[in-house]
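In what follows, chains are A, B, ... by sequence order, proteins preceding strands, each numbered from 1.
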Number of protein chains: 2
Amino acid sequence: MPRVSVEAQRREQILSAACEVISEIGFKSLRIADVAKRAGTSTGTVHYYFTTKRDVMHAAFEHNFAHSLDRRKPILDEYPDPRERLRAFIASYLPEDQVTLRAWHVWAELWVEALHDSDLQELNERVYGEWRRTVAAIIRDGQDAGYFADGDPVIRANALISMIDGLALQVLLGSRNMTVERMRTACDEVLQAFGLAPAQ
Amino acid sequence: MPRVSVEAQRREQILSAACEVISEIGFKSLRIADVAKRAGTSTGTVHYYFTTKRDVMHAAFEHNFAHSLDRRKPILDEYPDPRERLRAFIASYLPEDQVTLRAWHVWAELWVEALHDSDLQELNERVYGEWRRTVAAIIRDGQDAGYFADGDPVIRANALISMIDGLALQVLLGSRNMTVERMRTACDEVLQAFGLAPAQ
DNA sequence: TCCTATCCTGACTCGTCAGTCAATTCTAAC
DNA sequence: GTTAGAATTGACTGACGAGTCAGGATAGGA
């Protein structure tokens, strides 16, 4: 029997490269050759593991999603106090560091691609559901502990998440009026207004 | 001297068609031939009025923006009471009717395109500034009239607008968890929380 | 009526790129 | 060392679409 399989690591390598390229030049301009080059391989190899360009892109979106979740897992376990947990969780989405910025870029590309692709809508639905449930759960914990004001946790989670999306988008667009600092301020204001303000 | 100029109306016709096509199949898949067909003309004519595809797209984004503003002008004049004005203005952005949906679609495409195009970032900056100023002005009016709670109107405007963007995006994506009705509810909740709730 | 500038057309060119494939290299087992 | 199947390569093909262009149509003015 020949060689041990390198499929898993080669796919990872390609998808990681794909995410980098998407975030740098965008889905529209991305060529398979770009991904291959970034992954340090050839177009033939990319096609060996993925049938079509669409396959690569879908898998890359999944990859981006899975990693985003993984990166946040520790935060959810680290803070027993729901006030701190909520603050830290939201802070982890601020587009400050390179990794988070890249993830947001890929996200934005996914959204627009999904407008005309029902498979990607399904992915968005899954991801968004996950995110919504996570935030709503923290809010519920905080309410149970008597820290947060009453009110439907799901509506508040939706409002919070959507605002973060919208704010992040403006930051990504390099708006002179929406910096990471202002984004943080806006988040804090809404948390305050919703009675979800973390402890000082 | 020959013929009266048809340039203005022909450009309008082409840009309107371009917006329709963008909203239907997306920027990426859009071909000049699609725009020409939709406008009831030929690719040659499109190139007669616009040098490159990029020109068409940028002009289409401008077109979409200008029309969005025009459509809302009457709302701002119609309601003397800032509470009603804010409610009506926000309601006009709910992606319910065909026209608003189309405008949102084009918006979303602009955002992602702008991630890698500084001219479009400039356009976004202008549009967003306009929007932010408008909402902030209404909030300020409401505060002056003693209807709204105190607090920085610009931060609140930013928070509100971003949330509307994020919510609208999920509605556009056909999320089962984010319908127009839930979007309305989320908006109302934030208005309440910010002490910007319109009169009943 | 002719003239002229504007407007319109669609066939064509030419670059680009996804996807194919035949040839080659590599690795592990025997 | 031989073999078999996995992995890799990059030149090639075929489709596609932006932008060009030469040839016309059209509308007003002289």
Visitor: When you check the phosphate oxygens OP1 and OP2 of C:dC8, does a side-chain N or O of B:Arg10 lie under 4.0 Å from one of them?
Guide: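 Checking B:Arg10 against C:dC8: at least one side-chain N or O falls below 4.0 Å of OP1 or OP2.
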
Visitor: Using distance alone, with no hydrogens and no angle criterion, decide if A:Gln170 and B:Asp165 have a side-chain donor and acceptor under 3.5 Å apart.
Guide: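 Short answer, no.
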
Visitor: Given C:dC7, is OP1 or OP2 found less than 4.0 Å from the side-chain N or O atoms of B:Tyr48?
Guide: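 Answer is yes, contact under 4.0 Å.
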
Visitor: Does B:Thr51 make a side-chain N or O approach to OP1 or OP2 of D:dT20 shorter than 4.0 Å?
Guide: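 For D:dT20, OP1/OP2 do not have a side-chain N/O of B:Thr51 under 4.0 Å.
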
Visitor: Kindly point out which of C:dT6, D:dA18, D:dT8 is positioned nearest to the side chain of B:Ile32?
Guide: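 In terms of side-chain proximity for B:Ile32, the closest of C:dT6, D:dA18, D:dT8 is D:dA18.
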
Visitor: Is it true that the side chains of A:Glu24 and B:His116 contain a donor and an acceptor less than 3.5 Å apart?
Guide: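 Looking only at side-chain atoms, B:His116 and A:Glu24 do not form any donor-acceptor pair under 3.5 Å.
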
Visitor: From D:dA6, C:dA18, C:dC7, pick the nucleotide closest to the side chain of A:Arg31?
Guide: C:dA18

Visitor: Is a side-chain donor-acceptor pair under 3.5 Å present for B:Asn158 with A:Arg182?
Guide: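 Not at all, the side chains of A:Arg182 and B:Asn158 share no donor-acceptor pair under 3.5 Å.
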
Visitor: Would you say C:dG10 has OP1 or OP2 under 4.0 Å from some side-chain N or O of B:Thr43?
Guide: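 No.
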
Visitor: May I ask you to verify if any side-chain N or O of B:Tyr49 is less than 4.0 angstrom from the OP1 or OP2 atom of C:dC8?
Guide: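 Yes, B:Tyr49 has a side-chain N/O under 4.0 Å of OP1/OP2 on C:dC8.
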
Visitor: Closest to the B:Val6 side chain: C:dA18, D:dT20, C:dC8?
Guide: C:dC8

Visitor: Output the rounded distance in Å from CZ (A:Arg11) to C1' (D:dA6).
Guide: 16 Å

Visitor: Please tell me if B:Thr41 has a side-chain N or O lying less than 4.0 Å from either OP1 or OP2 of C:dT9.
Guide: yes

Visitor: If we count only N and O atoms by modelled type, under 3.5 Å, do the side chains of B:Gln143 and B:Arg140 hold a donor and an acceptor together?
Guide: no

Visitor: For the side chain of B:Lys53, counting heavy atoms from C-beta on, which of D:dT8, C:dG19, D:dA18 is nearest?
Guide: D:dA18

Visitor: Just to confirm, is there a sub-4.0 Å distance from OP1 or OP2 of D:dA7 to any side-chain nitrogen or oxygen of A:Thr45?
Guide: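 False: A:Thr45 side-chain N/O out of range (4.0 Å or more) of D:dA7 OP1/OP2.
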
Visitor: May I have the distance from A:Glu7 (atom CD) to D:dT8 (atom P), rounded to whole angstrom?
Guide: 10 Å

